[in-house]
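Taking it in order: structure first as structure tokens, then the write-up.
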Amino acid sequence: MELFDVYPLYNVEPQKAYDCTVVDKNGIEYLDLYGGHAVISIGHSHPHYVKNLKEQVEKIGFYSNAVQNSLQSKLAKKLGELSNYNDYQLFLCNSGAEANENALKLASFKTNKSRVIAFHNGFHGRTSAAVAATDNLKINSPLNAQQNVTFLPLNQIELVKTELEKEDVCAIIIEPIQGVGGLDEGTTEFFVALEKLCREFKAILILDEVQSGFGRSGEFFAHQYHGIKPDIISIAKGMGNGFPVGGIIIAPHIKPSYGMLGTTFGGNHLACVATLSVLEVLETENLISNAKLTGDYFLSEAIKLPGVQKVKGRGLMLGLEFDFEVSELRKKLIYDHHIFTGGAMNKKLLRILPPLTIGKKEIDKFINALQSVLTEEKVDL
Ligand code: PLP
């Protein structure tokens, strides 16, 4: 059987990894400034994480949600404490798209309405409903046409209000910092007004923190920079440091009932242990403040580079905008300098999403490599 060929691949095969380093099958070491798309939060194969997962798999890896699993409550408690959402509720699933599907479903149950407001260049995953917020990313599910989604530009609150006044909107879904779309973000004024309007028109405010959450932005959640409290927060990616796990964090006013949501794999023992281990390491190693400090250092250095038009993002969710498309630059960084970086829908944006353990030394290595590609080598990019 052949693989269904949907991914253009770089000619590199990682075989092992530690912290911010990935080692390929030829023993070549790469600096990982991509984290497998913002997934590696506490560093590859962190010893605490590996030890806990090994111990758990030897006991029990999975049983269904029809029986008790105290690891889920332990995880909910820890997550509530670290994120400052103690009074919220946790539903566990397996990925970001699934988290958003469940968030939209809950919003519809709660409000008895069905239309969704999303934003241009937003990305919420590739499933029938959750993907809907991807208007000009042509990777939508075929079912997308059936979804009842209105796309609006960021920061234009009057347009949001006009839609809400039609009284058929169940949810507004928004990323605090756009990931795949290219690191644009709403202003604090916009987020505060969204929160207020959602309350006024009884719509559910969903903050998609799948990429920006779990400390990546320098706060536990990026929306916490704006002082708002959404009704639902979706989480995944960095949550499991590579173990597939997702979830939604749900405000107390949304009440559960049996059968309302469900999943086979969500909240399994291994996923809980992976996520608990991530939270423990984030806390003991102060990785959220490291994300902020190292991110600030990156911003201050990167803006000095030749050809950089703009440095975007917060913490370790960063992007460098050039006046040329970055695909060749990314190839040079991988093949000549052994550094993984990310791209975006905006082809002129180089994205940096490293493990939150990264320090100045690694940032300097990247800045020097980029400097060299951009100037000394005088390549025609
Ligand atoms: N939401 C956001 C903000 C994302 O960046 C992504 C993935 O890139 C998703 C949702 C979908 O997550 P997953 O690929 O785990 O389904």
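Predicted, not measured: the structure shown is a model, and the values here were computed from it.
- Counting heavy atoms from C-beta outward, Gln371 and Pro306 have side chains that approach closer than 4.5 Å.
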Could you walk me through whether Tyr34 and Leu353 pass side chain to side chain contact (heavy atoms under 4.5 Å, CB included), step by step?
CA-CA 5 Å; Tyr34 186 52; Leu353 303 161; 4.2 Å; yes
Test salt bridge (charged side-chain N to carboxylate O under 4.0 Å, His left out) on Lys365 and Glu362; report intermediate values, then the result.
CA-CA 5 Å; Lys365 181 174 174 187; Glu362 290 83 11; over 6 Å; no
From CA spacing to verdict: salt bridge (charged side-chain N to carboxylate O under 4.0 Å, His left out), Asp364, Lys360
CA-CA 6 Å; Asp364 287 343; Lys360 279 187 176 178; over 6 Å; no
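- Between Cys198 and Leu205, the shortest heavy-atom contact is SG-CB, 3.8 Å.
- Under a 4.0 Å N-O distance rule, the pair Lys161/Glu165 qualifies as a salt bridge.
- Side-chain atoms of Lys105 never come within 3.5 Å of backbone atoms of Leu261 as a donor-acceptor pair (strictly under, hydrogens ignored).
- The one candidate from Val116, Ile206, Asn148 that meets the side-chain contact (heavy atoms from CB on, under 4.5 Å) condition with Cys170 is Val116.
- Placement of Leu318 and Leu333 within a single hydrophobic cluster is found when ILVMFWY residues are connected by side-chain heavy-atom separations under 4.5 Å, directly or transitively.
- Between atom CD1 of residue Ile204 and atom CG of residue Leu106 there is a gap of 8.0 Å, rounded to the nearest 0.5 Å.
- Of the possible polar contacts, none joining the Lys202 side chain to the Arg199 backbone as a donor-acceptor pair under 3.5 Å is found.
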Between His44 and Thr21, does the side chain to side chain contact (heavy atoms under 4.5 Å, CB included) criterion hold? Intermediate values first, please.
CA-CA 7 Å; His44 291 275; Thr21 302; over 6 Å; no
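- Aromatic ring orientation, His48 versus His46: perpendicular (interplanar angle above 60°, classes split at 30° and 60°).
- Contact check for Leu79 versus Ile235: side-chain heavy atoms found under the 4.5 Å cut-off.
- Between the side chain of Tyr49 and the backbone N or O of Gly240 there is at least one donor-acceptor pair closer than 3.5 Å.
- A donor-acceptor pair is defined here as one N or O able to donate and one able to accept, closer than 3.5 Å; no such pair exists between the side chain of Asp24 and the backbone of Glu13.
- Listed for the Asp208 side chain is a donor-acceptor partner under 3.5 Å among the backbone atoms of Val210.
- Taking the six-membered ring where tryptophan is involved, the planes of Phe366 and Phe298 are essentially parallel, since the angle between them stays under 30° and well short of 60°.
- You'll find the side chain of His37 reaches within 4.5 Å of the side chain of Val180, heavy atoms only.
- Pairing each heavy atom of Arg216 with each of Ala291, the nearest pair is O-CB, 4.0 Å.
- For the pair His226 and Phe190, the minimum side-chain heavy-atom distance is 4.5 Å or more.
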CA sep, side-chain torsions, deciding dist, call: Asn155, Asp184, side chain to side chain contact (heavy atoms under 4.5 Å, CB included):
CA-CA 10 Å; Asn155 292 328; Asp184 285 336; over 6 Å; no
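- More than 12 heavy atoms of other residues, nucleotides or ligands sit less than 6.0 Å from atom CG of Asp87.
- Atom CD1 of Ile174 is separated from atom CD of Glu185 by 10.0 Å, given to the nearest 0.5 angstrom.
- In the hydrophobic cluster analysis, where Ile, Leu, Val, Met, Phe, Trp and Tyr join through side-chain heavy atoms closer than 4.5 angstrom, Ile367 is grouped together with Val326.
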Report the C-alpha separation of Tyr10 and Tyr30 in whole Å, then their side-chain angles, then the decisive distance to 0.1 Å, and conclude whether the ring pair (Phe, Tyr, Trp, His ring centres under 6.0 Å) test is met.
CA-CA 13 Å; Tyr10 287 108; Tyr30 296 79; over 10 Å; no
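- Placement of Leu270 and Ile40 in two distinct hydrophobic clusters is found when ILVMFWY residues are connected by side-chain heavy-atom separations under 4.5 Å, directly or transitively.
- Residues His124 and Glu175 have side chains in contact (heavy-atom distance under 4.5 Å, counting atoms from C-beta outward).
- Counting only N and O atoms by type, the side chains of Asn84 and Gln224 include no donor and acceptor under 3.5 Å apart.
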Apply side chain to side chain contact (heavy atoms under 4.5 Å, CB included) to the pair Phe243 and Thr275, showing each step before the final yes or no.
CA-CA 8 Å; Phe243 196 95; Thr275 310; over 6 Å; no
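- Within a 6.0 Å radius of CD in Gln15, more than 12 heavy atoms belonging to other residues, nucleotides or ligands are found.
- A distance of 5.0 Å separates OG of Ser234 from CD1 of Ile173, quoted to the nearest 0.5 Å.
- Side-chain atoms of Phe324 and Leu329, non-hydrogen and from C-beta on, do get closer than 4.5 Å to each other.
- Side-chain contact between Ile232 and Asn102 is absent, with no heavy-atom pair separated by less than 4.5 Å.
- Here the straight-line distance linking atom CZ of Phe191 with atom CG of Leu154 works out to 7.0 Å at 0.5 Å rounding.
- Closest approach of Glu163 to Arg115, counting heavy atoms only: OE1-NH1, 2.7 Å.
- At a threshold of 4.5 Å between side-chain heavy atoms, the hydrophobic network of Ile, Leu, Val, Met, Phe, Trp and Tyr places Ile339 and Val39 in two separate groups.
- Electrostatic pairing of Lys77 and Glu81 counts as a salt bridge here, judged by a charged N lying under 4.0 Å from a carboxylate O.
- Judged by distance alone, with hydrogens and angles left aside, the side-chain atoms of Tyr85 form no donor-acceptor pair with the main-chain N or O of Ile233 at under 3.5 Å.
- By the 4.0 Å N-to-carboxylate-O rule, Lys51 lies close enough to Glu55 to be salt-bridged with it.
- In this structure, Leu356 is not a member of the same hydrophobic cluster as Tyr18, with clusters built from ILVMFWY side-chain heavy atoms closer than 4.5 Å.
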Going through the distances and angles, do Glu209 and Ser212 end up as a side-chain hydrogen bond (donor to acceptor under 3.5 Å, both in side chains)?
CA-CA 5 Å; Glu209 293 266 6; Ser212 51; 2.7 Å; yes
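- Residues Asp19 and Pro355 approach most closely at O-CG, 3.9 Å, considering heavy atoms.
- No donor-acceptor pair under 3.5 Å is formed between the side chain of Asn290 and the backbone N or O of Gly359.
- No more than 12 heavy atoms of other residues, nucleotides or ligands lie within 6.0 Å of CZ in Phe265, so this atom counts as exposed by the packing criterion.
- Remark: side-chain polar atoms of Ser372 are not paired, donor with acceptor, to backbone N or O of Asn368 under 3.5 angstrom.
- Put simply, CZ on Phe119 and CD1 on Ile172 are 5.5 Å apart, with the number rounded to the nearest 0.5 Å.
- With hydrogens and angles ignored, the 3.5 Å screen pairs a side-chain donor or acceptor of Gln72 with a backbone N or O of Gly267.
- The pair Glu328-Lys332 does not meet the salt-bridge criterion, since no charged nitrogen lies less than 4.0 angstrom from a carboxylate oxygen.
- Classified by interplanar angle (parallel below 30°, tilted 30° to 60°, perpendicular above 60°), the ring pair Phe220/Phe214 is tilted.
- A 6.0 Å sphere centred on CZ of Phe62 holds more than 12 heavy atoms belonging to other residues, nucleotides or ligands.
- Taking CZ of Arg351 as the reference point, atom CG of Leu183 lies at 6.0 Å (rounded to 0.5 Å).
- Not a single donor-acceptor pair under 3.5 Å links the side chain of Arg314 to the backbone N or O of Ile177.
- Using a 4.5 Å cut-off on side-chain heavy atoms (C-beta onward), Arg330 and Thr341 make contact.
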